[in-house]
Amino acid sequence: MPARLAGAVRTDGAVLATERWGIANPRVGLLSIGEEESKGNTLVKETHALLAAGAMGPVGQFVGNVEGRDLMTEDVDVVVTDGFTGNVALKTLEGGMRFVTGECSKR
């Protein structure tokens, strides 16, 4: 990911978290297959290096890699990922919520 794109994604997400939800210093995580910075494909590793270097400015606080299990926790406020992976993650969450809602309404 070119540095200008990583900066835009991080800045846009952090600004949205600040402006919309009032989070003063949003925690920004990078979606990967493990929390270690050595995990992930080339795109994830390169993006991690850019975000960890702080080249994107003072908006938000990069907390490192996060996994799918972290998406709905209070550990991060913003999750950075590529479009394909982000779409899969959102569709999985939607399906899971639909299942839980359906099961709860049966009772």
Side-chain angles (χ1 to χ4, degrees):
M1 173 181 286
R4 63 183 171 74
L5 293 180
V9 169
R10 178 180 181 220
T11 301
D12 289 351
V15 167
L16 178 65
T18 300
E19 298 295 322
R20 175 66 175 92
W21 292 287
I23 302 168
N25 191 28
R27 293 160 297 176
V28 178
L30 176 62
L31 188 60
S32 186
I33 59 169
E35 294 178 354
E36 303 85 356
E37 65 183 78
S38 62
K39 297 273 181 110
N41 61 21
T42 302
L43 177 62
V44 170
K45 291 177 187 177
E46 290 175 358
T47 303
H48 185 282
L50 290 169
L51 294 174
M56 279 36 87
V59 180
Q61 171 191 357
F62 181 56
V63 297
N65 286 352
V66 296
E67 298 182 53
R69 66 175 178 233
D70 302 313
L71 293 176
M72 302 297 290
T73 69
E74 295 182 1
D75 294 339
V76 292
D77 304 304
V78 176
V79 176
V80 175
T81 187
D82 66 272
F84 179 84
T85 305
N87 195 25
V88 170
L90 286 175
K91 299 298 182 182
T92 301
L93 287 171
E94 288 174 359
M97 291 304 294
R98 187 175 300 129
F99 172 76
V100 169
T101 303
E103 289 300 305
C104 288
S105 67
K106 291 178 183 178
R107 302 190 193 289

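FYI, side chains are in, hydrogens and waters are out, and symmetry mates aren't considered; it's all heavy atoms of this structure.
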Pairwise distance [atom1]([X]) to [atom2]([Y]) - rounded to 0.5 angstrom:
X	Y	atom1	atom2	result
Leu51	Thr47	CG	OG1	6.5 Å
Arg20	Thr18	CZ	OG1	13.0 Å
Lys45	Leu30	NZ	CG	12.5 Å
Lys91	Leu93	NZ	CG	11.5 Å

Determine whether [X] and [Y] make a side-chain contact, defined as any pair of heavy atoms from C-beta on separated by less than 4.5 Å.
X	Y	answer
Asn41	Val44	yes
Val78	Leu16	no
Val66	Asp75	no

More than 12 heavy atoms of other residues, nucleotides or ligands under 6.0 Å from CD of Glu74: is that the case? no

If hydrophobic clusters are built by linking Ile, Leu, Val, Met, Phe, Trp and Tyr wherever their side-chain heavy atoms come under 4.5 Å apart, do Ile33 and Val80 end up in the same one?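 Result: no, two separate clusters.
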
Could you state whether Val76 and Met72 fall into the same hydrophobic cluster, counting links through intermediate Ile, Leu, Val, Met, Phe, Trp or Tyr residues with side-chain heavy atoms under 4.5 angstrom apart? yes

Applying side chain to side chain contact (heavy atoms under 4.5 Å, CB included), run through Leu31 and Leu71 and close with a yes or a no. CA-CA 9 Å; Leu31 188 60; Leu71 293 176; 4.2 Å; yes

Do you know which two heavy atoms are closest between Ala14 and Pro26, and how far apart they sit?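 Distance-wise, the nearest heavy atoms are O-CG, 3.4 Å.
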
At their closest point, which heavy atom of Ser32 faces which heavy atom of Gly40, and how far apart are they?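 Scanning both residues, the minimum pair turns out to be OG-CA, 3.7 Å.
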
Does Thr101 reach the main-chain N or O of Arg98 with its side chain, forming a donor-acceptor pair under 3.5 Å? no

Which residues share a salt bridge (charged side-chain N to carboxylate O under 4.0 Å, His left out) with Lys39, sequence neighbours left out: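 Salt bridge (charged side-chain N to carboxylate O under 4.0 Å, His left out) check on Lys39 returns Glu36.
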
Judged by modelled atom types alone, do Thr73 and Asp70 share a side-chain donor-acceptor pair under 3.5 Å?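 Short answer, no.
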
